[in-house]
2 protein chains.
Amino acid sequence: MTDHLITISEPTLRRLPLYYQFLLRKKQNGDTSVSCPQIAQDLELTSIQVRKDLQSAGAVGRPRVGYVIDEVLVTLSELLGYSNTKDALLVGAGNLGIALLDYEGFEEHGLNIVAGFDVDEEKLGKVFQGKRIYDLSDFKRIASRLNIKIAIITTPASSAKEVCDIMIDSGIKAIWNFAPIHLSTPDDVIVENVNLTASLAVLSNRLERSID
Amino acid sequence: MTDHLITISEPTLRRLPLYYQFLLRKKQNGDTSVSCPQIAQDLELTSIQVRKDLQSAGAVGRPRVGYVIDEVLVTLSELLGYSNTKDALLVGAGNLGIALLDYEGFEEHGLNIVAGFDVDEEKLGKVFQGKRIYDLSDFKRIASRLNIKIAIITTPASSAKEVCDIMIDSGIKAIWNFAPIHLSTPDDVIVENVNLTASLAVLSNRLERSID
DNA sequence: TAGATTGTTAATCGATTAACAATC
DNA sequence: TAGATTGTTAATCGATTAACAATC
């Protein structure tokens, strides 16, 4: 894993999955190589930016020709964790939580949700896509036994902080947080937020401004 | 709406919902004013950044005292579109789409999803939280009749582009896109992406690096 | 060879952070 | 008044964009 010593900026990291997905389409199309201008055109970016991004991902191309699609796909899938699927636990079996449990697509992106947790007795024992809902009080025991490092929070904001504390106490090292609230964690526990209210705010504000 | 002439940077806009939510908690706590250092401490930001953000949102405070919570809440709710709920249509009644349809919480953030669409006959006619699933071919008719400007894409990436085209053709001006693919639209149609694969990529990569 | 595209170094732009005067 | 916090102007930092030589 010594090739992971390169740090990739967050803006770049967020664009890489789009490149990956475009390259897959190209490959299915029968293409074997691709150039920055091609990628840039499809994604409406500048070719300079694509070049820089691929460079910082460690991809190497050939002038005039571009990049070998298969090579870049391998590089990106390593970098994005697609080639090393990890188990995760999810807390909060509401609509969103169950949607994520039910969704099979995360596995090809390196994430395998193995079980859900909730405090609502009505939900306990239910099974979605082979994944059972357990009582939150079982979280630590199961996380330790399965040696799980990734957890997902899909609870309401009001309970997210205490759920986060349970996760930290259970040895979780990465939290994918869907609750619209800031979570405070030790340095060795990372948090990635999916804040739908923030995204919606951007949409509303921009729409308002474009109409004015 | 002339006070909307201020343009707010996207990083700032994404932090404002967190401030809003914190202020609500403070208010429920019985507080009437709040200072930047207080907000900063709770959200683990710098007080300078909070001050700048509030300033660009148009909030005015008093030295030594801080900001009047009720005033800031009003300012932010206007800016974030919370006080002016708009109708929206959703296309793609899979797990995620139904989770969003089912969720009642968006209304207090200014979004009211009134119906869903799909091409899968099995889903047509089903009703979630009073919201019916219609055939995609009815989209344009319904969007025009209800004069709807906002639409949500929760289809697989493979069909997102054609769905996007239908939306543009139907007079939609803002698209909340959950499909992990770039959508190309005219200047007067804005797109806000929620790309879970990108978010997951950041999580995986950071976890990998923190373990090394 | 000619010319398109890569790799790399420099310039620009915008967001964050710092500094400090104003003020309640 | 003293001191904490705001408002505002300046400095820094990092990401994007530009420029251009190297190369296939």
Side-chain angles (χ1 to χ4, degrees), chain A residues 6-19 22-23 26 31-73 75-76 79 182 198 201-202 205-206 209, chain B residues 3 6-19 22-23 26 31-72 75-76 79 182 198 201-202 205-206 209:
Chain A
I6 336 125
T7 302
I8 297 177
S9 79
E10 193 165 316
T12 295
L13 208 38
R14 291 187 181 277
R15 285 188 292 270
L16 294 181
L18 292 171
Y19 300 172
F22 176 70
L23 293 185
K26 281 298 226 182
D31 293 318
T32 56
S33 69
V34 72
S35 72
C36 291
Q38 283 176 296
I39 300 174
Q41 181 170 33
D42 186 78
L43 301 179
E44 291 183 307
L45 301 170
T46 67
S47 68
I48 309 152
Q49 185 166 52
V50 175
R51 208 152 81 240
K52 280 277 190 184
D53 285 345
L54 288 181
Q55 188 172 239
S56 73
V60 178
R62 271 192 295 176
R64 192 78 214 269
V65 182
Y67 299 79
V68 177
I69 290 179
D70 281 333
E71 282 180 19
V72 182
L73 284 174
T75 304
L76 292 181
L79 216 50
H182 173 75
V202 174
N205 185 272
R206 297 293 180 236
R209 288 191 50 75
Chain B
D3 57 337
I6 336 126
T7 302
I8 297 178
S9 79
E10 192 166 317
T12 295
L13 207 38
R14 289 186 183 279
R15 284 187 293 268
L16 295 181
L18 292 170
Y19 300 171
F22 176 69
L23 293 185
K26 279 297 224 183
D31 293 317
T32 56
S33 68
V34 70
S35 72
C36 292
Q38 282 176 297
I39 300 175
Q41 182 171 31
D42 186 76
L43 302 179
E44 290 182 309
L45 302 170
T46 67
S47 69
I48 309 152
Q49 186 167 52
V50 175
R51 205 152 83 240
K52 280 280 190 180
D53 285 344
L54 288 181
Q55 187 171 241
S56 72
V60 177
R62 272 192 294 174
R64 189 82 213 267
V65 182
Y67 300 79
V68 175
I69 291 180
D70 281 334
E71 283 180 21
V72 182
T75 304
L76 291 181
L79 215 51
H182 173 76
V202 173
N205 186 271
R206 298 295 181 234
R209 289 190 51 73

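By convention in this document, chain letters (A, B, ...) are assigned in the order of the sequence lines, proteins followed by strands, and residues within each chain are numbered from 1.
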Under the salt bridge (Lys or Arg N to Asp or Glu O under 4.0 Å) rule, what pairs show up with a residue in residues 33-45 of chain A, not counting sequence neighbours?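 For residues 33-45 of chain A: A:Arg25-A:Asp42, A:Asp42-B:Lys161.
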
Listed by chain and number, what are the salt bridge (charged side-chain N to carboxylate O under 4.0 Å, His left out) partners of [X], not counting sequence neighbours?
X       : value
B:Arg51 : none
B:Glu10 : B:Arg14
B:Lys52 : none

Taking for A:Ser9 and for A:Pro63 the nucleotide of DNA chain D with the nearest heavy atom, the one nearer the 5' end belongs to A:Ser9

Table please: side-chain donor-acceptor pairs of residues 54-69 of chain A below 3.5 Å, with sequence neighbours left out.
| from | atom 1 | to | atom 2 | distance (Å) |
| --- | --- | --- | --- | --- |
| A:Ser56 | OG | A:Asp53 | O | 3.1 |

How would you list, by chain and number, every residue that makes a side-chain contact (heavy atoms from CB on, under 4.5 Å) with B:Leu18, sequence neighbours excluded? A:Asn195, B:Leu43

How long is the gap from [atom1] on [X] to [atom2] on [Y], to the nearest 0.5 Å?
X       : Y       : atom1 : atom2 : answer
B:Leu23 : B:Glu71 : CG    : CD    : 11.5 Å
B:Asp31 : B:Asp70 : CG    : CG    : 11.0 Å
A:Phe22 : A:Gln41 : CZ    : CD    : 8.5 Å

Residues touching DNA chain D, which here means a heavy atom under 4.0 Å, drawn from residues 50-62 of chain B: B:Arg51, B:Lys52, B:Gln55, B:Val60, B:Gly61, B:Arg62

Contact list for DNA chain D against residues 31-47 of chain B - heavy-atom distance below 4.0 Å: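 When residues 31-47 of chain B is checked for heavy atoms under 4.0 Å from DNA chain D, the hits, listed by number, are B:Ser35, B:Cys36, B:Pro37.
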
When you measure from the side chain of A:Asn205 to the backbone N and O of B:Leu13, does any donor-acceptor pair fall under 3.5 Å? no

Could you tell me the boundaries of the chain B footprint on DNA chain D, defined by atoms under 4.0 Å from its heavy atoms? D:dG3 to D:dT9

Residues in side chain to side chain donor-acceptor pair (under 3.5 Å) contact with A:Ser9, at least two apart in sequence or another chain: A:Thr12

Counting only pairs under 3.5 Å, give me each side-chain donor-acceptor contact of residues 32-39 of chain B, with atom names and distances, residues two or more places apart or in other chains.
| from | atom 1 | to | atom 2 | distance (Å) |
| --- | --- | --- | --- | --- |
| B:Ser35 | OG | B:Gln38 | N | 3.4 |
| B:Ser35 | OG | B:Gln38 | OE1 | 3.4 |
| B:Gln38 | OE1 | B:Ser35 | N | 2.8 |

In what stems does DNA chain C take part, counting only runs of at least 3 consecutive Watson-Crick or G-U pairs whose two distances fall under 3.5 Å?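 Detected stem regions: C:3-24 with D:3-24.
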
